[in-house]
Structures are given as structure tokens and as C-alpha cells.
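Notes for the one structure printed next.
Counting starts at 1 for both ligands and their atoms, in listed order. Along the sequence shown, the residues carry numbers beginning at 1.
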Amino acid sequence: MKKVIIPLILSIILLTSCAAVQEDGTASNTSVQPTEPDIAYLFAMDTYMELRVYGGGELLDKAEELILDLESKLSVTGENSEIYALNSSGGKQVSEDTAELLRDALALCGRTNGALDISIYPIVRQWGFTTGSYRVPSDGEITELLQYVDYTGVSISDDDTVTLKSGMEIDLGSVAKGCAGNKVVELFRENGVTSALLNLGGNVQALGTKPDGSPWRVAIQDPLGAGNLCVLDIDNKAVITSGGYERYFEQDGKTYWHIIDPKTGAPADSGLVSVSIVGEDGLTCDALSTALFVMGLEEAAELWRGSDDFEAVFVTSDGEIYITEGLEDIFTPADSYKNAEVRVIRRG
Ligand code: AMP
Ligand code: MG
């Protein structure tokens, strides 16, 4: 029997449980910061989004436009998008936005040794994850399609013309929301906003602190049950999670999720069920959450040891929780995990 989980329902669950923001009822003693936010809700990039800004409410229309514009360029299924045109033709001059994102994404494919691979699209499509027509491809189909998966076959010239090797197609689903978060935060910051919180379908990105100067409290969803795993106290950071529970289907008692190991062409089987990345750059966090999910705990910890731009929370399929040491002081387990052991990954 095939059980299909509708992304829309998942998105609603994510919205209600993934980002818990504690409202601040106390008055600001500087009296320059409004304590009530302006909020915009939209559906974009296949998920529900909430943009919450304290001061600068007039920027919300522009922020929405910016996200929708990015979606219209990047959508892998939208027939008018730049990515669709690129995938259909194998070569195309793209907008500055798309070229910049592609360059950043390719650098992150390299940094993660190809655990992130934006040329994974032929495989993702075969599994039905972009269309909702889920199916398990045969080994032969996967082997055939894997020959087209290799991000080093994507080249971008100085005039932003992108060329793909024959048969190759790209998918920026692993980084698009992180990129959108960065752009909205940049818009707010440039216009003097010092307090805002974005929830892009469970991917959270904070600008500054809460209006009273205290950190935002952002919850990470429990990948193994209902409710939350923990809360992180953050400011000026993104908290971006990749989880097997976010999009999956079941067939003959097996679960198949949407994060694919580019080495095998099958859903990543690394022993992790969720990876959350905390860092200043939303795009980097989005790319790394997907890549570290593929890599598994050991390889992910090695990559973290050689980096200084992110921290991480890992949950294994056995329910073990690991955090990198930079999160020790800002991590609070949810009540249901009060007594759980939290293992700390250290540099030394
Ligand atoms: P995320 O939710 O950010 O982890 O991104 C997952 C999405 O990225 C999937 O729905 C696919 O569209 C795409 N994807 C899956 N596996 C990979 C991979 N290894 N590298 C790059 N993109 C991927
Ligand atoms: Mg991602």
C-alpha cells in the first residue's frame, strides 16, 4: 500500500511547531522599538511562510514580492522559470540573482564533497518528490540517471550564461529558502530594521533580537514524534532543519524521504533523521542541513570541526541527540526530552 503525505499539511504542522516565538509583553524601556509586530503570511516555494517585523511593516509587501520573484526564477517545475528553461535547453543566460545563487550553491557542493549536489534533479523527479507522483525507481533506472548527477558539470560564464553537461538538470530546492531568508533580512537591515523573525516553512531566520533585546526562542521540531525537540536562544541567526519527516512516502512498509544521497540515488540512509544548522548565513545553513543529513554524524562532525560558520543539532534514528559545543549554552530540551542524554560534539 502506498501512503502519500501531503506537503501542505506538513507545512501547517511545521508552522505551528517548528518556530516557537515567545511574545514579549513588557514595554521597551527605550520606547523606540515597537513591541507589536507587523506580520505577513504567504504561500511560496511550496510552503507556508510568516514574516514578522518590528518597525518597518511597510517593507512587508516588498519582502513578499522579493520571495515570489525568487520563486518564479528558481522553481524547477514552473514552466516560466529560469531553472526550467535552463534544464530544458542545457544552456541559458540567467538573471544576476540566479547566477549568484548558483555560484554560491556550487561552492557549497564542493565544500560538502558532493553530499550536496544541485544536479540531483533527474533522480529526485524519478522518485516523484517534485510532482507528488511517488514511486520507487528500479536499480536500473537509478544507475542510468546517476550518470547525469555531477555538479562539476555545471559551468557559469562571466556574463551569467549557465551551461549544463548533456542530460543534466538542476534543482535548487535545497537552498532556495535559505537564499530567500538572506534576501529578506538584507532588505530589512538596509532599511534600518533591527528586529524581525522569518519562518519560511520551518526554516527560521532572525534579524537582531526581540524588541526588548532578549534572544528569539526558536523551537526545533521533534523528528521522531509530535511536539518539539528543543528550543534555541538565538539572535541574528538562521536555524534551518532538514528532516526525513518533512516530505516522504511509504511503500511496502518502507519509508522513502526526499533527501537523496547523490552517491546511491536513493534516500540518504546515514542514520540521521534530522539535522538543524545554526549560523549567520541562511543559504549556507540551508545547504549544510541537506548535505550533513546525507553525510551522517561522523562525516558531519568532521566538516564542523574544520569550519567556523555554523553549529548543528543532530538526531539519529535511534533517538540520540548530538549538539556541537557552540550550542551548549543556548540549547534547552523540550519537556519530553528533559531527561534525555544530549551528547556534545567538541573540537578537541
Ligand atoms: P532541504 O529540505 O533543504 O533539505 O532540501 C531538500 C530538497 O533538495 C529535496 O526536496 C530535493 O528537491 C533536493 N535534494 C534532495 N537531495 C539533495 C542533495 N543531496 N543535494 C541537493 N539537493 C537535494
Ligand atoms: Mg537545505
Side-chain angles (χ1 to χ4, degrees), residues 5 7 10-11 14 18 45-47 71 74-78 81 83-84 87 101-102 104-132 134 142 145-146 148-152 154 168-182 200-205 220-221 223 238-249 256-270 272-279 281-296 299-300 310 312 314:
I5 308 299
L10 272 177
S11 301
L14 280 170
C18 210
M45 299 183 170
D46 212 17
T47 194
E71 177 185 35
L74 303 181
S75 167
V76 75
T77 49
S81 82
I83 295 300
Y84 191 92
N87 285 342
L101 173 57
L102 271 169
D104 289 345
L106 287 170
L108 285 152
C109 292
R111 178 175 171 189
T112 59
N113 284 323
L116 183 80
D117 193 322
I118 57 168
S119 68
I120 196 76
Y121 188 55
I123 302 267
V124 168
R125 182 178 44 209
Q126 207 70 2
W127 284 90
F129 286 114
T130 42
T131 56
Y134 300 117
I142 288 178
L145 292 174
L146 273 178
Y148 304 118
V149 178
D150 174 10
Y151 68 93
T152 64
V154 182
M168 189 171 272
E169 291 177 272
I170 58 174
D171 169 17
L172 294 169
S174 58
V175 289
K177 281 184 269 168
C179 172
N182 276 358
L200 311 183
N203 284 356
V204 175
Q205 190 154 348
I220 294 176
Q221 189 172 341
V239 179
I240 296 191
T241 299
S242 288
Y245 61 86
E246 288 176 322
R247 182 167 305 192
Y248 65 94
F249 67 96
Y256 300 95
W257 49 57
H258 67 135
I259 301 174
I260 306 288
D261 183 340
K263 286 200 186 107
T264 63
D269 187 18
S270 68
L272 294 174
V273 288
S274 94
V275 176
S276 302
I277 304 288
V278 183
D281 184 65
L283 167 55
T284 303
C285 293
D286 200 355
L288 292 179
S289 69
T290 311
L292 272 55
F293 188 100
V294 171
M295 287 177 169
E299 218 184 303
F310 74 95
F314 303 99

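- Under 4.0 Å from ligand 1, the heavy atoms of Ala115 that appear belong solely to its backbone.
- The backbone N or O of Gly243 lies less than 3.5 Å from a partner atom in the side chain of Glu246, making a donor-acceptor pair.
- Heavy-atom minimum distance, Leu172 versus Ala105: CD2-CB, 4.2 Å.
- Below 3.5 Å of separation, one finds an N or O of Ser242 facing an N or O of ligand 1.
- Nearest residue to atom 14 (N) of ligand 1 from Thr241, Val275, Ile120 is Ile120 (criterion: closest heavy atom).
- Heavy-atom proximity to Asp286, at under 4.0 Å, picks out these atoms of ligand 1: 3 (O).
- The protein heavy atom nearest to atom 5 (O) of ligand 1 is Ser174 CA, 3.4 Å.
- The closest non-hydrogen atom to atom 16 (N) of ligand 1, taken over Thr112, Ile240, Ile260, comes from Ile260.
- Here the protein heavy atom with the shortest distance to atom 1 (P) of ligand 1 is Thr290 OG1, 3.3 Å.
- Checked options Ser270, Ser242, Pro262; the residue passing with Val294 is Pro262 (criterion: side chain to side chain contact (heavy atoms under 4.5 Å, CB included)).
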In a table with atom names and distances, give each donor-acceptor pair under 3.5 Å that connects a side chain of residues 174-182 to protein atoms at least two apart or in another chain.
unit_1	atom_1	unit_2	atom_2	d
Asn182	OD1	Gln205	NE2	3.0
Asn182	OD1	Gly282	N	2.7
Asn182	ND2	Asp281	OD1	2.7

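- The proximity of Leu116 to ligand 1, defined as any non-hydrogen pair under 4.0 Å, involves the side chain as well as the backbone.
- Which parts of ligand 1 touch Ile259 is read off a 4.0 Å heavy-atom cut-off, strictly below it: atoms 4 (O), 15 (C), 16 (N).
- Judged purely by atom type and a 3.5 angstrom limit, Asp171 has no side-chain atom pairing as donor or acceptor with the backbone of Ile118.
- Nearest protein heavy-atom contact of atom 21 (C) of ligand 1 is Asp117 O, 3.3 Å.
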Tyr256 vs Trp127, test: ring-ring contact (aromatic ring centres under 6.0 Å, His included). Steps then yes/no. CA-CA 9 Å; Tyr256 300 95; Trp127 284 90; 5.4 Å; yes

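- Across Val76 and Ile170, no two heavy atoms sit closer than the pair CG2-O, 3.4 Å.
- Proximity to Gly173 (heavy-atom distance under 4.0 Å) selects the following atoms of ligand 1: 5 (O), 8 (O).
- Using cut-offs of 30° and 60° for the angle between ring planes, the Phe293 and Trp257 rings count as perpendicular.
- In terms of heavy-atom proximity, Arg111 sits nearest to Leu288 at NH2-CD1, 4.1 Å.
- Among protein atoms, those of element N, O or S found less than 2.8 Å away from the Mg ion (ligand 2) are Ser174 O, Asp286 O, Asp286 OD1, Thr290 OG1.
- Two residues are said to be in side-chain contact when any heavy atoms from C-beta on lie closer than 4.5 Å; Gln221 and Thr241 fail this criterion.
- Ion pair Arg247/Asp46 flagged as a salt bridge, since at least one NZ, NE, NH1 or NH2 atom sits closer than 4.0 Å to an Asp/Glu carboxylate oxygen.
- The protein atom (non-hydrogen) at minimum distance from atom 2 (O) of ligand 1 is His258 CE1, 3.5 Å.
- Below 3.5 Å of separation, one finds no N or O of Pro262 facing any N or O of ligand 1.
- In this structure the side chain of Ile123 never reaches within 4.5 angstrom of the side chain of Gln126, judged on heavy atoms.
- When each atom of ligand 1 is checked for a heavy atom of Asp171 under 4.0 Å away, the hits are 11 (C), 12 (O), 13 (C).
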In sequence, state the C-alpha distance, the side-chain angles, and the governing distance for Phe129 and Tyr248, and then conclude on ring-ring contact (aromatic ring centres under 6.0 Å, His included). CA-CA 8 Å; Phe129 286 114; Tyr248 65 94; 9.4 Å; no

